[in-house]
Amino acid sequence: MEFFSLGKQLHSCVIRSRLASDVFVGCTLVDMYAKSAAVENSRKIFNTMLRHNVMSWTALISGYVQSRQEQEAIKLFCNMLHGHVAPNSFTFSSVLKACASLPDFGIGKQLHGQTIKLGLSTINCVGNSLINMYARSGTMECARKAFNILFEKNLISYNTAVDANAKALDSDESFNHEVEHTGVGASSYTYACLLSGAACIGTIVKGEQIHALIVKSGFGTNLCINNALISMYSKCGNKEAALQVFNDMGYRNVITWTSIISGFAKHGFATKALELFYEMLEIGVKPNEVTYIAVLSACSHVGLIDEAWKHFNSMHYNHSISPRMEHYACMVDLLGRSGLLLEAIEFINSMPFDADALVWRTFLGSCRVHGNTKLGEHAAKKILEREPHDPATYILLSNLYASEGRWDDVAALRKSMKQKKLIKETGYSWIEVDNQVHKFHVGDTSHPQARKIYDELDELALKIKNLGYIPNTDFVLHDVEDEQKEQYLFQHSEKIAVAYALISTPKPKPIRVFKNLRVCGDCHTAIKYISIVTGREIVVRDANRFHHIKDGKCSCNDYW
DNA sequence: CTAGGGTTAG
């Protein structure tokens, strides 16, 4: 980037020397501007070129991919085919990367077919893009196939595969590559991918092992890796270790600060998070939009409304960062959770752009918590206008109806879901026992110790009822008898995971359960009682935050 | 004769 002005000077020289129409010079200029995040300049050069070859097209396409204009990149690719210039492996690599960032992978699949026909799919750069694209779309079998057929696997292939498997919660696959890495070695990317994988899964044992490997292989002072370490320790529930890494760092950037702030925010330590934020401002590190998401979510987790307003206003006035959809969603969350539903909807209406599904979904969640069906229906309608096939909305709306006993409406919704062939995102919970990840879904009986787990659940149910636990059947969808509803409740994945942890781990050890969605209200209550009858500390990481549950109390103060 | 690409941290 520091040579960008030099590049522009050279560009002027080129024009004076009448070399601008030269194909090679043109390609180089297009590439230079593309790499300097000035893709519009690339386009201008491209348009003045008399002839185009595969390189000029590829340079421009990759420029658009790098500036996150995927649609434009794909459009150009089509134009290129139209102009009878044949794409090569570099072109496919770029355009496949664009496809990986799109919500729909149809085009990517077609392109995959093309590369097979041209015999390019076994080449490193094409194959690596394919692995990444399939991994992002969650079709792991395809990603694995793309990896396996590679003619020669390089370090990037391994890193991509490691990252893909880790994000798919497949710890064995992902961590095997690390031991395997057949002579290609490991780079800072490898370790960062492994750490982010350990963080996704929440496996602190693996995380610590990787940490040791990092120190041993001399990457201990790498900025990216240290930032990933902070994030890993935070997401595995060990905020002290995260702070240790943070304190030991000689150089910190805005991502370092954002990582540690967001870590404390997720654990519900808003005061500490805000303290760190003020310290960051004091020493002159400029916050960015992600920092503010962490700060606002810290406020939202503990209900600090005035504090949140202060930061929401100052991000624009003091740091000229325009609030994005996520920032608005944080504020809606905060207002909604505090029961200020009307203020929240007023706030949504005052937004400078049209609220998206995320904002309305946040609001719908608040309506659910506060039992406001009327506003909830309004919100659901807004979401379905924007995302007509969103199963989560149907579920939330259906929960809302269920809590009011409107079973006819529940049935109608379920029928409509069936007609649209919508499948809801399945909730699941997992825990790590003896270096092994055990994953459970609702009513799961596939575990070898299922019988013992359900016996434990029955026993727990009896014990906590004696203490005053009353099942909250609002969280059950179906219109069934009360006794049956309770049974459904006791088959929720987070309860199964807790029960398995109780029978398979020794007593003073805290239990760490992870869930892909938000923890259910009844499970939250039940686990608080379970912490009393068993004397165990239970930590639940859900999609949104951490719950440290001990002696019948949760760190979230029942506010999440 | 040059050039174009794929994987990390919030």
Side-chain angles (χ1 to χ4, degrees), chain A residues 22-32 34-35 42 52-63 65-66 80 85 87-100 115 120 123-133 135-136 146-147 150 153-164 166-167 177 184 186-199 214 219 222-235 242 245-246 249 252-266 273 280 287-295 297 326:
Chain A
D22 180 88
V23 178
F24 170 62
V25 172
C27 286
T28 314
L29 282 169
V30 169
D31 185 44
M32 180 195 76
K35 288 210 170 90
S42 297
H52 288 125
N53 60 14
V54 60
M55 286 134 194
S56 59
W57 279 106
T58 307
L60 186 62
I61 289 172
S62 77
V65 177
Q66 271 155 45
M80 174 183 180
V85 177
N88 62 15
S89 58
F90 295 110
T91 326
F92 277 111
S93 189
S94 271
V95 78
L96 281 168
K97 185 185 176 180
C99 295
T115 61
L120 295 175
I123 292 177
N124 244 321
C125 73
V126 176
N128 292 348
S129 286
L130 284 170
I131 301 169
N132 188 44
M133 184 187 78
R136 284 213 202 173
F147 178 79
L150 281 178
K153 298 168 179 72
N154 65 8
L155 185 51
I156 295 179
S157 319
Y158 282 103
N159 287 347
T160 312
V162 163
D163 195 41
K167 297 231 157 76
H177 284 304
V184 286
S187 65
S188 62
Y189 274 75
T190 319
Y191 290 114
C193 291
L194 284 167
L195 285 173
S196 117
I214 286 166
F219 284 107
N222 179 292
L223 180 64
C224 249
I225 287 185
N226 275 291
N227 291 344
L229 276 169
I230 293 175
S231 170
M232 183 275 292
Y233 279 122
S234 290
K235 286 181 179 166
V245 174
F246 177 83
M249 283 170 75
R252 307 180 184 120
N253 66 2
V254 60
I255 296 180
T256 319
W257 286 94
T258 306
S259 304
I260 194 80
I261 291 169
S262 141
F264 278 102
K266 283 205 173 78
M280 167 185 170
N288 64 17
E289 67 267 17
V290 188
T291 319
Y292 273 103
I293 292 175
V295 168
S297 78
E326 286 100 319

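Residue numbers begin at 1 in each chain, while the letters A, B, ... track the order of the sequences. Side chains included, hydrogens not; waters and symmetry mates left out as well; all remaining heavy atoms used.
- Counting heavy atoms from C-beta on, the side chains of A:Asn128 and A:Asn159 never come closer than 4.5 Å.
- Applying the side-chain contact (heavy atoms from CB on, under 4.5 Å) criterion to A:Ala98, with sequence neighbours excluded, gives A:Val65, A:Glu70, A:Ala73, A:Ile74.
- A:Phe92 is linked by a ring pair (Phe, Tyr, Trp, His ring centres under 6.0 Å) to A:Phe77, counting only residues two or more places apart in sequence or in another chain.
- Residue A:Ser93 is in sugar-phosphate contact alone, with no base atom involved, counting any heavy-atom pair closer than 4.0 Å across all strands shown.
- Nucleic acid contact class of A:Lys235 (heavy atoms, under 4.0 Å, all strands): sugar-phosphate only.
- At the heavy-atom level, A:Asn226 lies nowhere under 4.0 Å from the strands shown.
- In 5' to 3' order, the nucleotides of DNA chain B bounding all contacts with chain A (an atom under 4.0 Å from a heavy atom) are B:dT2 to B:dG10.
- A:Met280 meets the side-chain contact (heavy atoms from CB on, under 4.5 Å) test with A:Val254, A:Trp257, A:Ile261, A:Phe277, A:Val285, A:Pro287, A:Thr291; sequence neighbours excluded.
- Among the atoms of the strands shown, none is found under 4.0 Å from any heavy atom of A:Thr28.
- A:Val54 comes within contact range of at least one nucleobase, with a heavy-atom separation under 4.0 Å.
- Scored by the ring pair (Phe, Tyr, Trp, His ring centres under 6.0 Å) test, A:Tyr189 finds no partners at all (sequence neighbours excluded).
- Applying the side-chain contact (heavy atoms from CB on, under 4.5 Å) test to A:Ala146 and every residue at least two apart in sequence or in another chain returns A:Leu130, A:Ile131.
- Here A:Glu289 lies out of heavy-atom contact (under 4.0 Å) with every strand.
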